[in-house]
Peer 1: 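Please read through the structure below; I'll follow up with questions.
Values reported hereafter were calculated over all heavy atoms of this structure, with side chains retained and with hydrogens, waters and symmetry mates removed. Letters A, B, ... are given to chains in the order of the sequence lines, protein chains preceding strands, and every chain is numbered from 1.
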Protein chains: 2
Amino acid sequence: MADGARPVTLQSIAKELGLHVSTVSRILNGPAATGARAASTATADRVRRLAAELGYRPDPHATGLRTRRSNLIGVLVPRMSDLVLAMIHEGIEEAATAKGLSTIVVNTLDRPETRRARTDMLIARRTDGLIFGDARVEDDFLAEVAARGTPFVLVNRHSADHPSVTCDDWLGGRLAADHLLGLGHRDVAIIAGEPHASTGVDRVGGFLERCAEAGVPVPGDRIAHGGFDTAAGRAAADRLLAADPAPTAIFAVNDFAAIGALGAARDRGLRVGEDLAVMGYNDTPLAAELPLPLTSVLSSTHEMGRRALAMLVRILAGERPPSERLRPVLTARASTGC
Amino acid sequence: MADGARPVTLQSIAKELGLHVSTVSRILNGPAATGARAASTATADRVRRLAAELGYRPDPHATGLRTRRSNLIGVLVPRMSDLVLAMIHEGIEEAATAKGLSTIVVNTLDRPETRRARTDMLIARRTDGLIFGDARVEDDFLAEVAARGTPFVLVNRHSADHPSVTCDDWLGGRLAADHLLGLGHRDVAIIAGEPHASTGVDRVGGFLERCAEAGVPVPGDRIAHGGFDTAAGRAAADRLLAADPAPTAIFAVNDFAAIGALGAARDRGLRVGEDLAVMGYNDTPLAAELPLPLTSVLSSTHEMGRRALAMLVRILAGERPPSERLRPVLTARASTGC
DNA sequence: ACGTTTGGCCCAATCGTTTGGGCTATGATG
DNA sequence: CATCATAGCCCAAACGATTGGGCCAAACGT
């Protein structure tokens, strides 16, 4: 506390105590090993005490300049207003804080130019590493970033063999299919999300695989692509439900899209959970609390974020950790008649 | 592009061109005024060309060390998984990018210790200024931060006379009351959110004021406090609807709380829009797309974020801009029978 | 023809830390 | 008693950019 004018630096502490700045530096920050050799315990105590009293905080600019490490991690997400990404970021931040790192988050809006510009900016800021939450199925840009030598991991979506932490979306898709098939549905439709996101692609893939195993065909016109948000979900459901006969169940690869589907169903006078089964994905906090609780598949977003950061830290330390897939869990609720 | 080993610095450019580093610095960055006096246009061109070719990016650590500016803004929010804050942040980020600034966002979870720790960290990182999205009605901490000399603005919630950009929540509350009164409701209830947030307090205040003007009393047991999320909204609505007689309309100060109320109403067999009117606040993208579209009051979150950043920039420039209140707009939908 | 301006640069200090080497007593060792 | 290790410090050179002053020559004014 109690500064006001002059910032407190190693210099000021050193002078105050009649020591050399390097001595103070080693005491305050050096690894215990060096610290021990650097000064007597008595001196070290005096230094630490004064530093605490003065509220000394090393200048990250100076440190960064010298060490070439900023302790900053860049996080790129399509947009933070997507709840899933916001929760992942909370996990990232939690883990980062524990490691003394901070994050700079940027919204790329899933737009290549924005993404490139923001990535450039993050690298120009000398972030130590990046976490991409907006990987695309075919993603040359990532290879480019890798070639430039910037360490990064992917989260939520995977791409090629770049290190990533994701939910096992393929399995999640299978679980979803399993659930609907178990309820007796034989004519199911999918709101598939954007084709460039592995999340959607895998969920659909797993779903279709399971359906195929059960001998239930899902023709192409039962699959509607589009965005991950409510409006897109509503539009997609409108298309699907316009068919005659209409499907008896809809699997949306995202809770918000599922909510849109609920709206579309209602507009058609369908009773969801009876005439039509609807399920989502991610098990957002909202899903359980909706007027009509939504069956959904939980992907542990928070945990994904934490692990992504942990993985990045390992990479920064020179390791080459393998990608991770988290286990999804299905929770059945009223929207599928449970 | 095309580096690989040695980072490109002013030095490397200067040496390559047989110039002095200071000359290169002035050309590349100095204000046009100095730039002109710094070198001939021919030299300036050569420098700029080479810099571009080599992909020179000034080292922010070095710059920051020298200039004592990091071009980083710290943003503190209760949590980014609150859609309202996420959207505000998008606005902040947009405006920040345009000014060459970046943001470090942290979640304070509305917890004082977390908040203090994260603020310390942001200051230790030498952020140029802070934006608080988690101001409290009685907030000594802000005074403390101000006393330490850290420039900041508040966004979304105001407190004391600290500079802030908020929605005119009082007016918003009045609009809400106006709407319900206009529909003939004379027994209304409020899901009021947390008492430490000015958003909730003001919305309730304006609402009550308008009701009083209309001669419609709203007794204390018609006001339920709690969180801003769906679960809290459901719990609050459960309490309110348990009364006999039950209110005919509920004003929730937040869309998510309103969604919870929708659930509670449904569980009681009430037809929202007919037996019971429910309205929210913020006009989240979700509100219009819900199975039962929600009447809500729009607070331009994006704009709020942009303005908050603009205001902070002015403060950093030494000005003392006045606080701003943005105009809310009510949109009537099916949940109030429209 | 001889100041004086000024265009075009270069010098060097500085910001705060980190870190590979000293340097000097003191105590232990042979 | 000479030698050596060691504890406990100090020195100084970075890191990369910024910035108030020079300094020199060419152009200009009278």
Peer 1: Within the pair B:T23 and C:dC10, is there a side-chain N or O less than 4.0 Å away from OP1 or OP2?
Peer 2: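 Answer yes for this pair, as a side-chain N or O of B:T23 is under 4.0 Å from OP1 or OP2.
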Peer 1: Hey, does the side chain of A:S40 come within less than 4.0 Å of D:dC9's phosphate (OP1/OP2), counting only N and O?
Peer 2: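 A:S40 to D:dC9 OP1/OP2: side-chain N or O found under 4.0 Å.
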Peer 1: With respect to the side chain of B:L19, which nucleotide from C:dC9, D:dT19, D:dC10 is positioned closest?
Peer 2: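 Of all the options, the side chain of B:L19 is nearest to C:dC9.
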Peer 1: Look at the side chain of A:Q11 and decide which nucleotide, out of C:dT17, D:dC15, D:dC9, has an atom nearest to it.
Peer 2: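 Among the listed nucleotides, the one closest to the side chain of A:Q11 is C:dT17.
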Peer 1: Select from B:A44 and B:T67 the residue whose nearest nucleotide in DNA chain C is closer to the 5' end of that strand.
Peer 2: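 This one resolves to B:A44.
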Peer 1: What integer distance in Å separates A:I27:CD1 from D:dC10:C1'?
Peer 2: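 Rounded to the whole Å, the gap is 13 Å.
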Peer 1: From NE2 of B:H20 over to P of D:dG16, roughly how many Å is that when rounded to an integer?
Peer 2: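 Result: 15 Å.
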Peer 1: Could you walk me through whether A:D134 and A:R157 pass the salt bridge (Lys or Arg N to Asp or Glu O under 4.0 Å) test, one step at a time?
Peer 2: CA-CA 7 Å; A:D134 65 343; A:R157 305 180 186 170; over 6 Å; no
Peer 1: How many whole angstroms separate atom CG of A:L10 from atom P of D:dA14?
Peer 2: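 In whole Å, D:dA14 P lies 20 Å from A:L10 CG.
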Peer 1: Figure out the NE2/P separation between B:H61 and C:dT14, and round it to whole Å.
Peer 2: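 B:H61 atom NE2 is separated from C:dT14 atom P by 23 Å.
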Peer 1: What nucleotide among C:dT17, D:dG16, D:dC11 has an atom nearest to a side-chain atom of A:P58?
Peer 2: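 Of the candidates, C:dT17 comes closest.
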Peer 1: Can you measure A:L28 atom CG to C:dT17 atom C1' for me and round it to whole angstrom units?
Peer 2: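 About 12 Å, once rounded to whole Å.
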Peer 1: Which whole-number value in Å describes the distance from B:K15 NZ to C:dC9 P?
Peer 2: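 In whole Å, C:dC9 P lies 20 Å from B:K15 NZ.
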Peer 1: Is it true that A:D59 and B:R68 make a salt bridge, defined as a side-chain N closer than 4.0 Å to a carboxylate O?
Peer 2: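 B:R68 and A:D59: not salt-bridged.
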Peer 1: Remember a base hit wins even if backbone is also touched, and classify B:S22 as base, sugar-phosphate or nothing at under 4.0 Å, heavy atoms.
Peer 2: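 Base contact.
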Peer 1: Whole Å only: how far is the CZ atom of A:R69 from the C1' atom of D:dG16?
Peer 2: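 One finds 19 Å between C1' of D:dG16 and CZ of A:R69, rounded.
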Peer 1: Please tell me if B:S25 has a side-chain N or O lying less than 4.0 Å from either OP1 or OP2 of D:dT19.
Peer 2: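 No, B:S25 has no side-chain N/O under 4.0 Å of OP1/OP2 on D:dT19.
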Peer 1: Just by distance, with hydrogens left out, do A:R125 and A:S70 show a side-chain donor and acceptor under 3.5 Å apart?
Peer 2: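 No pair is found: no donor N or O on one side chain lies under 3.5 Å from an acceptor on the other.
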Peer 1: Search all heavy atoms of A:L142 against all heavy atoms of A:H162 and return the closest pair with its distance.
Peer 2: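 Nearest heavy atoms, A:L142 then A:H162: CB-NE2, 3.6 Å.
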Peer 1: Between D:dC11, C:dG16, D:dC9, spot the one nearest the side chain of A:R26, thanks.
Peer 2: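 Of all the options, the side chain of A:R26 is nearest to D:dC11.
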Peer 1: Crowded around B:E138 CD? As in, over 12 foreign heavy atoms under 6.0 Å?
Peer 2: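 No - once you tally the heavy atoms of other residues, nucleotides and ligands closer than 6.0 Å, there are 12 at most.
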Peer 1: Does C:dG16 have OP1 or OP2 under 4.0 Å away from a side-chain N or O of A:T63?
Peer 2: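 False: A:T63 side-chain N/O out of range (4.0 Å or more) of C:dG16 OP1/OP2.
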Peer 1: Between atom CZ in B:R68 and atom P in D:dT19, what is the gap in whole Å?
Peer 2: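 Value for this atom pair: 13 Å.
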